[in-house]
Amino acid sequence: MPDLRRQVFESGKTISRKAASREGSRRTSRTNSAQNSRHSSRNASRHASDEEDAGNLSDDTALSIGSLDDLTDNPEIDNTNWTEELGDVVEDILDRKRSSVLSREEAYASLCRLSKGHYIEEQIRSRGSDLLAAFCRSIKFENSVRETTLALRALELLAITTSDDSIYENVESLLTRTIRDSTSNDVKAAAIHCLGACTIFGGASEDGALDQMTFLLDIAASDGQSIDAADDGGSVAAALQEWGVLATEIEDLEGESEDAIQIFMDQLNSGQSTVQIAAGENIALLYEKSYTPQEDDENSDNGSQDSDEESFTVNPSSLSGPKLIKRYNAYHNTHELERQLHSLATVHNKHISKREKKNLHSNFSSILTTVENPRRGPMYNTAIDQDTNRHYGSKFTVKIGRQGVMNIDRWWKWIRLNSLRRILQGGFAEHYYQGNRAVLDNLPIMVRQSTPSDRGMARKAAKLRNSRRWAVQQHSDGE
C-alpha cells in the first residue's frame, strides 16, 4: 500500500484505502484512454484536462455558429451514477488534509466536467460554502498553474450554479490580487473570467460592476501592462470580453462611451483576432446602447435627430419590437470608426489564416452594420448589396438542443450568450432546460420549437453562403 500511496499522491500522506483505490482507477482509466485515442486529437505533452476550457469562444463562435449542440465537449458523458461520482468528488475536494496537488487537480477537473454537464445546485446546496473555501485556498496558494486554473473554473461554475449573493464579496479581493500578482498569464486570464462571472452571478451591486469595468478597461488600455501581462493577448481578450458582459448589465453608459470606444478602437489594431473581435463587439454594444425604446409619452417627432440618417431596406422581421430612439452620440468620430471597421470586414492580409479572415469578415460586417445603424443587431447572413452598397440580412438564430431556436437580435443578448457558452460549453442546453436560475435570468429569451420552415430557411442560407464562397474564390482565381 505505501507504494500505491506514493504513486497516487505526491505528498506521501496517509489516505484511505477507498480514496487510493478510486484515484488509482482514475489514473489507469486516463492512461488507457490516452493510449487508445487518435494521435492527431491532442498533443501528448498537454494535460487532457478542463483547464483548456478557460479559453474563450469569441473567435471560434463568430456569427457562423449554427447549433449549441456542436459545443458539447464530451458527447459520451456518462449519465449513470453521476450523482454518486459527484458526491465522491466533493468529498475528495473537502478532504484537504489527505490531498495533494495532483489529487486536487483531478478532483477539480471532475467537478468542472460534472458541473457543466449537469445542473447540480440541489446536490451541492449544503456544501457550497465549504467548496468555496477550498477553491479559494487553491487560488491563494497557487501550488500549480493547473490546480489554480481549474479552481478558478470551478469557482465560476459554482457562482452560476448556486446563485449565492455572498460569493462576490468573499472572493473579489482574492481574484483581483491573483490577476495582479500571479506569475502565470494563463492564471491571470482565467482569474479575469472568474471575476467577471462572480460579479454577474455572485451578488455584486451596480457600483461594484462599474468598479470592475474600470479595472478591466485599464487592462485593455495598457495592453496588459497594468497587471504585469504586457501584450498578453489572452489577458487582454479576457478583459475585453468580461467588460462587455458587465456593460450589458448597466442601463446608462453615456458617460463611459466616448473613452471606452477610443480604447477599443486602439485594440482593433491588435495582432490577435480574439482581441479585435471582442473590442469590436463592445463597440457595437455601446452604439446599440445609445438608442433606447421610445417611451409611451414621447412623440415620434422626438426622434427627429435621426432624420438625417440613411434609411435601410431590410428584412421586416429584423425590425420587430419597439421603436428605438437615439439618445446621445456614442462616439464623436463615427466616420473614422466606420473606416476602420470596413477595413477589418474586408481584410485580405496574406499573413492571416483563412479561418481568421472568415471570423473577421463575418464579425466586422455585422459590427459595421450596427455602427452605421444602431437599430440593427447581430446579423447572421449579413451581406452587401453591390448596387446600393447597403447591408441586409436576417436575424441571427441559434439552435438549442434538437428542437429549440433562440433569436439573437441585440448585441447584449449575443454577448451574454457567448459568456454563458464559455462557462457552460456543451452543458448550456442542459442548464437552460433544467431551469438554472442564473442562466434564465441572465438571458431571458423565449425559446421556441424549430419548424420545417426554419430548417428550410437554414438550408437555403447554407446554399447562399456556399454560392458566395464559390463566387469569391472564382474572383480570387481570376485575379
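Keep in mind that this is a model prediction, so the values were computed, not measured.
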Task: side-chain hydrogen bond (donor to acceptor under 3.5 Å, both in side chains) evaluation trace for E121 with T161 - done: CA-CA 6 Å; E121 190 274 336; T161 297; over 6 Å; no
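- Under the ring-ring contact (aromatic ring centres under 6.0 Å, His included) criterion, Y119 pairs with H431, not counting sequence neighbours.
- Judged by distance alone, the side chains of S184 and D186 never bring a donor and an acceptor atom under 3.5 Å apart.
- Within the 4.5 Å cutoff, side-chain heavy atoms of L424 are placed close to those of V439.
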Only distances under 3.5 Å count here; give the side-chain donor-acceptor pairs of residues 217-224 to other protein atoms, sequence neighbours excluded, each with its distance to 0.1 Å.
residue, atom, partner, partner atom, Å
S222, OG, D218, O, 2.9
S222, OG, I219, O, 3.3
S222, OG, Q225, N, 3.3
S222, OG, S226, N, 3.0
S222, OG, S226, OG, 3.2
D223, OD1, Q267, NE2, 2.6

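- Note that the CD1 atom of I283 and the CD atom of Q340 stand 7.0 Å from one another [nearest 0.5 Å].
- For L158 against G128, the heavy-atom pair with the smallest separation is CD2-O, 4.0 Å.
- The two residues A247 and K289 make their nearest non-hydrogen contact at O-CE, 3.0 Å.
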- [ ] Decide side-chain contact (heavy atoms from CB on, under 4.5 Å) for F201 and D164; before the verdict, give the C-alpha distance in whole Å, the side-chain angles of both, and the deciding distance to 0.1 Å.
- [x] CA-CA 8 Å; F201 305 113; D164 182 351; over 6 Å; no
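- Between the side chain of E288 and the backbone N or O of W412, at least one donor-acceptor pair lies under 3.5 Å.
- Annotation: the span from I192 atom CD1 to Q212 atom CD amounts to 11.0 Å, rounded to 0.5 Å.
- Side chains of Q276 and S270: no donor on one and acceptor on the other come within 3.5 Å.
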Open item on the list: What verdict does the side-chain contact (heavy atoms from CB on, under 4.5 Å) test give for I250 and L253, after you've listed the backbone C-alpha separation in whole Å, the side-chain angles of each residue and the deciding distance to 0.1 Å?
Closed with: CA-CA 7 Å; I250 308 300; L253 287 172; 3.7 Å; yes
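- Considering all non-hydrogen atoms of both residues, S163 and R437 come closest at CB-NH2, 3.9 Å.
- L132 places a side-chain heavy atom less than 4.5 Å from the side chain of N170.
- I139 contributes atom CD1, which lies 10.5 Å from atom CZ of R177 (distance to the nearest 0.5 angstrom).
- Inspection of the Y287 and T334 side chains reveals an N or O donor paired with an N or O acceptor under 3.5 Å.
- Remark: A204 pairs with Y168, T199 by the side-chain contact (heavy atoms from CB on, under 4.5 Å) rule, at least two apart or across chains.
- A heavy-atom distance below 4.5 Å is not found between the side chains of H361 and E356.
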- [ ] Just do the side-chain contact (heavy atoms from CB on, under 4.5 Å) check on L175 and L155 with the steps written out, would you?
- [x] CA-CA 11 Å; L175 294 178; L155 175 54; 4.2 Å; yes
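- Side-chain N or O atoms of T214 include one that pairs as donor or acceptor with a backbone N or O of L210 at under 3.5 Å.
- E172 and T176 are linked by a side-chain donor-acceptor pair at a separation below 3.5 angstrom, with hydrogens and angles left out of the test.
- Contact annotation: the side chain of R113 never approaches that of H118 to less than 4.5 Å [non-hydrogen atoms, C-beta and beyond].
- Using modelled atom types and a 3.5 Å distance limit, the side chains of E142 and S182 yield a donor-acceptor pair.
- Side-chain atoms of R327 and T292 include a donor-acceptor pair closer than 3.5 Å.
- A donor-acceptor distance shorter than 3.5 angstrom exists from the side chain of K188 to the backbone of R180, with no hydrogens or angles considered.
- For the residue pair Y331 and Q262, a side-chain donor N or O sits within less than 3.5 Å of a side-chain acceptor on the partner.
- Proximity of Y433 to I400: side-chain heavy atoms (C-beta onward) are separated by under 4.5 Å at one or more points.
- Between I167 and C198, the shortest heavy-atom distance links the atoms CG2-SG, 3.9 Å.
- In this structure, CG on L337 lies 12.0 Å from CZ on F264, to the nearest 0.5 angstrom.
- Every residue meeting the ring-ring contact (aromatic ring centres under 6.0 Å, His included) condition with Y432, not counting sequence neighbours, appears here in chain and number order: F428.
- Pairs passing the salt bridge (charged side-chain N to carboxylate O under 4.0 Å, His left out) check and including a residue from residues 239-251, sequence neighbours excluded, read E242-R422, E249-R416.
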- [ ] Apply the test ring pair (Phe, Tyr, Trp, His ring centres under 6.0 Å) to residues F215 and W243: give CA-CA distance (whole Å), side-chain angles for both, the deciding distance (0.1 Å), then the verdict.
- [x] CA-CA 9 Å; F215 176 48; W243 188 96; over 10 Å; no
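- Checked against side-chain hydrogen bond (donor to acceptor under 3.5 Å, both in side chains), T178 has no partners two or more places apart in sequence or in another chain.
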- [ ] Might you work through the side-chain contact (heavy atoms from CB on, under 4.5 Å) test for L420 and I160, ending with a clear yes or no?
- [x] CA-CA 9 Å; L420 293 172; I160 199 173; 3.6 Å; yes
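- Formation of a donor-acceptor pair under 3.5 Å by the T149 side chain with backbone atoms of R146 is not found in this model.
- No donor-acceptor pair under 3.5 Å is formed between the side chain of H193 and the backbone N or O of A238.
- For the pair L368/E338, a side-chain contact is recorded, criterion being any heavy-atom separation below 4.5 Å from C-beta on.
- Taken from OG1 in T148 to OH in Y108, the straight-line distance is 9.0 Å, to the nearest 0.5 Å.
- Between I227 and S235, the shortest heavy-atom distance links the atoms CD1-CB, 4.2 Å.
- Looking at heavy atoms from C-beta onward, S366 lies in side-chain contact with W411 at the 4.5 angstrom threshold.
- N407 places no side-chain N or O within 3.5 Å of a backbone atom of D409 that could act as its donor or acceptor partner.
- For the residue pair H332 and E258, a side-chain donor N or O sits within less than 3.5 Å of a side-chain acceptor on the partner.
- Closest of all the heavy-atom pairs between S257 and A330 is OG-O, 2.7 Å.
- E206 CD to D252 CG: the interatomic distance, rounded to the nearest 0.5 Å, is 9.0 Å.
- No side-chain donor-acceptor contact under 3.5 Å links Q241 and E281.
- Here the side chains of E336 and M265 are in contact, with some heavy-atom distance below 4.5 Å.
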